[in-house]
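What follows is a set of notes on a single structure, which appears directly below.
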Amino acid sequence: GMPIESAIIKQNKLNRKSMSIPEFRNACHKFAQDFVDKQMEQFIRLGVVADWERPYLTMDKSFEAREIRVFGEMYKKGYIYKGLKPVYWCPNDETALAEAEIEYQTDPCTSIYVKFQVKDDGGKLAGICDTAKTYFIIWTTTTWTLPGNQAIALNPEESYVIVKADNGECYIVAEALCGKTMLEGGIENYEILDRRAGKEFEYMTAQHPFLDRDSLVVVADYVTMESGTGCVHTAGGFGADDNVTCRRYGLPPLVPVDDRGYQTEEAGKFAGLRYDKSNEAILADMKETGALFASAEIEHEYPHCWRCKNPIIFRATPQWFCSVDAFKDAAVEACEKVEWLPEWGGDRIKQMVRERADWCISRQRHWGLPIPVFYCDCCKKPICNDETIERVATLFAENGSNIWYEKTAAELLPDGFVCPHCGGKHFTQETDTIAFLTTYEYKAQIMEAIRETAGLKTEGGAVIFSVPVDSLIGIGRFDEED
């Protein structure tokens with residue numbers, strides 16, 4: 001999808017946003033077919049033997065129809081769902097990315113230590129310090145995410161100290177990181193007023209350094225004493241762990257950065273700035289107001305888009321996911337039935353499968369297979385069942401997937417269709433495309449090829465084909481009898 005879109009926009013000087021979706025998809029189809037033809041011609045000249053009359057093309061109508069039916073089966077089994085979770089996001093291409101589409105590069109950045117003034121201590125700090133001059137100190141390398149701050153996470157069992165500096169201010173940091181933090185802030189002389197476990201600070205609130213918003217003090221086991229201050233800046237819309245923690249405390253994800261990477265109105269005075277440019281503005285503002293405790297120039301490994309090579313961000317957006325947990329055990333079991341050469345390769349693959357998280361399968365592109373889901377205008381719930389899948393698959397087999405963009409939802413759905421959830425009669429269709437290709441179709445084509453080449457013999461009289469297979473999608477699609 002995206003590589004072809006990017007290439008055709010660059011080479012043919014197309015303005016994707018000024019074209020209708022079917023027009024743009026037709027241009028992409030021609031672009032792809034031209035390269036298929038060139039490659040096929042070259043392979044034939046080289047003497048490569050293949051079924052050139054029936055090439056494996058994912059843009060074929062019949063392939064698209066089978067793909068839709070497989071999606072429907074996986075959806076019915078609960079393997080596919082839509083959720084609001086932080087994902088890798090490329091603001092340059094305006095689309096979500098999978099982990100496999102990320103490259104890491106060493107980038108310079110400014111790491112910052114920021115003061116969050118204690119606002120409501122619940123009476124727990126009475127007699128110890130003046131809360132008007134007491135601050136939690138957080139550390140981060142992504143200044144632009146501060147407008148999304150919702151909480152400060154502490155390790156529940158680690159020791160935290162309240163220290164008083166010569167300047168009259170008091171700071172709350174992890175005891176194990178106190179010396180390093182004070183050194184970064186240029187504070188040589190300080191005294192420890194009190195020490196207590198992180199869990200004793202839970203549910204206190206602090207004032208956001210530049211927005212009229214509270215930051216809730218929470219606890220999380222993933223907070224370590226390896227770096228930072230032990231007080232972790234937590235933004236539910238910008239981090240996976242942050243998202244889980246915020247939801248646990250009833251804080252819905254806040255995402256003050258749009259699809260193009262610009263700060264939204266929720267970022268206050270920094271609205272309208274691109275996320276990377278807002279780093280400098282936020283830093284300057286905190287220096288002026290005194291909210292900045294310290295800063296340092298460092299280099300760190302940062303994710304980049306493998307296509308456009310630009311830095312990416314992590315932000316929560318509504319996306320479609322494939323749930324790996326639903327069939328992870330079956331995938332591992334299937335791996336154990338394979339003879340691996342070398343043998344250690346099997347252990348490596350099984351470990352990768354066990355550690356695999358749900359992955360994002362939707363992309364905000366035009367060139368690709370549409371996600372065959374409808375939404376009821378009345379109850380807003382997604383609709384994908386046997387009736388809708390069969391209808392869409394039939395239409396794709398006859399007309400190709402462009403029909404999804406050429407017709408309205410009413411024209412795509414069966415006559416007289418009503419919402420199975422509320423009985424509504426008006427619908428819209430999903431606009432995202434699918435980012436993966438299921439191996440069911442690949443298996444079907446390979447098995448057909450095996451039957452047609454039964455005369456071929458290898459050792460033992462068996463015909464052997466080596467093909468790339470996505471084990472997880474394969475397990476997700478097939479039942480034991482397959």
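Numbering of residues begins at 1 and proceeds along the displayed sequence. Given the structure is predicted, the values throughout are model-derived calculations rather than measurements.
- When side chains are defined from C-beta on, Q105 does not count as touching E301, because their heavy atoms never get closer than 4.5 Å.
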Do any side-chain atoms of residues 176-192 form donor-acceptor pairs under 3.5 angstrom with protein atoms, and if so which ones, sequence neighbours left out?
residue	atom	partner	partner atom	Å
K180	NZ	Y113	OH	3.3
T181	OG1	L177	O	2.8
N189	ND2	D166	OD2	3.3

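- Listed by first then second residue, pairs satisfying side-chain hydrogen bond (donor to acceptor under 3.5 Å, both in side chains) with a partner in residues 283-292 read K269-D285, not counting sequence neighbours.
- Looking at residues two or more places apart in sequence or on another chain, you find a side-chain contact (heavy atoms from CB on, under 4.5 Å) between C246 and Q150, T234, L251.
- Judged as a ring pair (Phe, Tyr, Trp, His ring centres under 6.0 Å), the pairs with a partner in residues 271-302 (not counting sequence neighbours) are, in order, W144-Y275, Y171-F293, H300-Y302.
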Exercise. How far apart are the C-alpha atoms of R365 and D432, what are their side-chain angles, what is the distance that settles it, and do they pass the salt bridge (Lys or Arg N to Asp or Glu O under 4.0 Å) test?
Worked result: CA-CA 6 Å; R365 315 309 302 171; D432 290 351; over 6 Å; no

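- Applying the side-chain contact (heavy atoms from CB on, under 4.5 Å) rule to N310 yields the partners N92, C308; only residues at least two apart in sequence or on another chain are considered.
- Checked against side chain to side chain donor-acceptor pair (under 3.5 Å), S227 has no partners two or more places apart in sequence or in another chain.
- Looking at heavy atoms from C-beta onward, V218 lies out of side-chain contact with I152 at the 4.5 angstrom threshold.
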Would you be so kind as to tabulate the donor-acceptor pairs closer than 3.5 Å made by side chains of residues 344-355, with sequence neighbours excluded?
residue	atom	partner	partner atom	Å
Q351	NE2	E355	OE2	2.6

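- Partners of T145 according to the side chain to side chain donor-acceptor pair (under 3.5 Å) rule, which considers only residues two or more places apart in sequence or in another chain, are T142, H233.
- By the side-chain contact (heavy atoms from CB on, under 4.5 Å) test, P86 pairs with N243, F314, A316, sequence neighbours left out.
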Please list every donor-acceptor pair under 3.5 Å in which a side-chain atom of residues 116-128 meets a protein atom from a residue at least two apart or in another chain.
residue	atom	partner	partner atom	Å
Q117	NE2	A132	O	3.3
K119	NZ	D214	OD1	2.7
D120	OD1	G122	N	2.9
D121	OD1	G123	N	3.0
D121	OD2	L125	N	3.0
K124	NZ	E200	O	3.1
K124	NZ	E202	O	3.4

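- Take K309 and apply the side chain to side chain donor-acceptor pair (under 3.5 Å) test, not counting sequence neighbours, and it matches E103.
- Contacts of H208 classified as side chain to side chain donor-acceptor pair (under 3.5 Å), with partners at least two apart in sequence or in another chain: none.
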